[in-house]
Amino acid sequence: MKFRFSAADEAFRQEVRQFVRDNLDPALKRKVELGLRLERADYVAWYGKLEQRGWITPGWPPEHGGPGWTHLQRYIFDEETQLGGAPRIITSGINMLGPVLIAFGTAEQKARYLPAIRRSETWWGQGFSEPGSGSDLASLRTTAVREGDHYVVNGHKIWTSYAHVCEMLFCLVRTDPDAAKPQQGISFLLIDAKTPGVTIRPIRMLDGGRDLNEVFLDNVRVPVGNLVGEENKGWSYGKYLLGHERTGIAGIGGCKQQLARARRLAAAQPLGEGCLLDDPAVRERLAALETDLMALEFTSLRILSANQSVRVPGVEASILKVRGTELRQQILDLLVDIAGPWAVPFSEEAMLEGFDDESPTPEAFVAVAANALDARKASIYGGTNEVQRNVIAKVMSS
Ligand SMILES: Cc1cc2nc3c(=O)[nH]c(=O)nc-3n(C[C@H](O)[C@H](O)[C@H](O)COP(=O)(O)OP(=O)(O)OC[C@H]3O[C@@H](n4cnc5c(N)ncnc54)[C@H](O)[C@@H]3O)c2cc1C
């Protein structure tokens, strides 16, 4: 199958590119391009611009504030914003909860929560995983017991991204411990993170960041009005959520951005009379990665253009996820090799100080090691690559 962007798609690409140029704060762009850690305020500043333009919720239907884009337009948007140095849309409220509330929430839940998500006023944490219940999520043990007009929730969630800066959590909880199958007794609850009994404890990550958290739920009283959909049907809402946001799963824009960074860094590293970019070994690795990325890009575009439903089918999404995350890790490993002695896995502060006062770490290399360590997570979250391979193997052998 031949693939070509239409003239309308190309015009849309120019529109997004110009929007990024006109609206992205140069200081924020610099932070993104150097791979420095972003705070909630950084994201919110950019999201505000997207919200004003009507672009903050690409996956939502137009009647709820989505822009009504095709898969390809969403792909172009992701690519152009990332190449332009803008922060990605990372919030679980936009990417995960919004579509679930739109599909299964009550009118009151939609009116109460969706506008605040669009305006980045409320950030949501995804409370699914538990110690011992990650890949095998249906084994989750957090309980919610109905007492009058409340559920009383007890349990322990883990790896909850950004919970420490979130106002709200959406959680899978067990409401029927006696159900015939583990998937059948689970419900989907919205929990205010300020409720007594909620304790959020950040986890130190490989790159020195603290974006992940443990969440302890100790006799937390949640109004029954915070149940999404029907009691004990939460597993199907969770599956809907996990399958929804898959158009950008290969992360092509991010890989392109990192490859461009690799070229810049190689050009900035002196080697003999020239620079590292003149080294045939470096050029060969760059070329191999660029070729692999191009192959993945066309696979991704073929799948997206053949598929106009909201969801990208499971096995294709698994292939894109495995290949995209592997490539991302390989590109970041190349960055580390390019940075050579500057790729030191310390905190950003320590790296900025450099080895000694006479040889401070060049700014461009400051976060390379941390970014490469951080990229290890990509093959774990959103379903580990081993589990994705199981999905692929099952379909291929059937
Ligand atoms: C950066 C990051 C952000 C995350 N954010 C969130 C979040 O916001 N909310 C949330 O709920 N969760 C989040 N997670 C958790 C994530 O969903 C789990 O880490 C993931 O599902 C794997 O579960 P686990 O860590 O319990 O590992 P396990 O499931 O215990 O797996 C351990 C190892 O065994 C392998 N394995 C497991 N089962 C199989 C199998 N059947 N076949 C072959 N190999 C197998 C896995 O691939 C892995 O290598 C996040 C994780 C990361 C890394």
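Note that the numbering runs from 1 along the sequence shown for the chain. As the structure lists them, so they are numbered: ligands from 1, and atoms in each ligand from 1.
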Exercise for the section: Look at atom 2 (C) of ligand 1 and say whether a protein heavy atom is found at less than 4.0 angstrom from it. Expected result: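 Yes.
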> Can you find a protein heavy atom under 4.0 Å from atom 34 (O) of ligand 1?
Replying inline: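 Protein heavy atom within 4.0 Å of atom 34 (O) of ligand 1: absent.
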Would you mind checking if [Y] and [X] are paired as a salt bridge, meaning a charged N to carboxylate O distance below 4.0 Å?
X	Y	answer
Glu290	Arg263	yes
Asp207	Arg37	yes
Arg53	Glu15	yes

Provide the number and element of each atom of ligand 1 under 4.0 Å from a heavy atom of [X].
X	result
Ile380	19 (O), 20 (C), 53 (C)
Thr384	22 (C), 46 (C), 47 (O)
Glu386	43 (C), 44 (N), 46 (C), 47 (O), 49 (O)

Any donor-acceptor pair under 3.5 Å linking the side chain of Arg118 with the backbone of Ser120?
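Pair absent, no side-chain N/O of Arg118 close to backbone of Ser120.
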Item checked: Check: Ile200 main-chain N/O paired with Glu214 side-chain donor or acceptor under 3.5 Å ->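 The answer is no, because no donor-acceptor pair under 3.5 Å joins these two groups.
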Next item on the list: Assess whether ring pair (Phe, Tyr, Trp, His ring centres under 6.0 Å) is satisfied between Phe188 and Trp235, documenting all intermediate values.
Entry: CA-CA 8 Å; Phe188 194 111; Trp235 185 254; over 10 Å; no
If we set the cut-off at 4.0 Å for heavy atoms, which region of Asp211 has an atom near ligand 1: side chain, backbone, both, or neither?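 Neither part.
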With a heavy-atom distance limit of 4.0 Å, tell me whether Asn390 approaches ligand 1 through its side chain, its backbone, both, or neither.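 Only the side chain of Asn390 comes within reach of ligand 1.
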Give me the residue, atom name and distance of the protein heavy atom closest to [atom].
atom	value
atom 18 (C) of ligand 1	Ser129 OG, 4.0 Å
atom 51 (C) of ligand 1	Tyr381 CB, 3.6 Å
atom 31 (O) of ligand 1	Ser135 OG, 3.8 Å
atom 39 (C) of ligand 1	Val387 CG2, 4.0 Å
atom 9 (N) of ligand 1	Gln126 O, 2.6 Å

Just to be sure I'm reading this right: ignoring hydrogens, which of Ser161, Gly209, Gly134, Gly238 gets closest to atom 21 (O) of ligand 1? Compare them by their nearest heavy atoms.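 Among Ser161, Gly209, Gly134, Gly238, the closest heavy atom to atom 21 (O) of ligand 1 belongs to Gly134.
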Heavy-atom proximity to atom 14 (N) of ligand 1, picking from Phe128, Trp159, Trp124, points to Trp159
Using a 6.0 Å distance limit plus a 45 degree cone around the ring axis, check whether Arg40 lies over the aromatic ring of Tyr162.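 Pair Arg40/Tyr162 does not count as cation-pi.
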List the steps, then state whether ring pair (Phe, Tyr, Trp, His ring centres under 6.0 Å) holds for Trp159 with Tyr381. CA-CA 9 Å; Trp159 314 123; Tyr381 63 63; over 10 Å; no
Going by the angle between their ring planes, with limits at 30° and 60°, are Tyr237 and Phe104 parallel, tilted or perpendicular? tilted
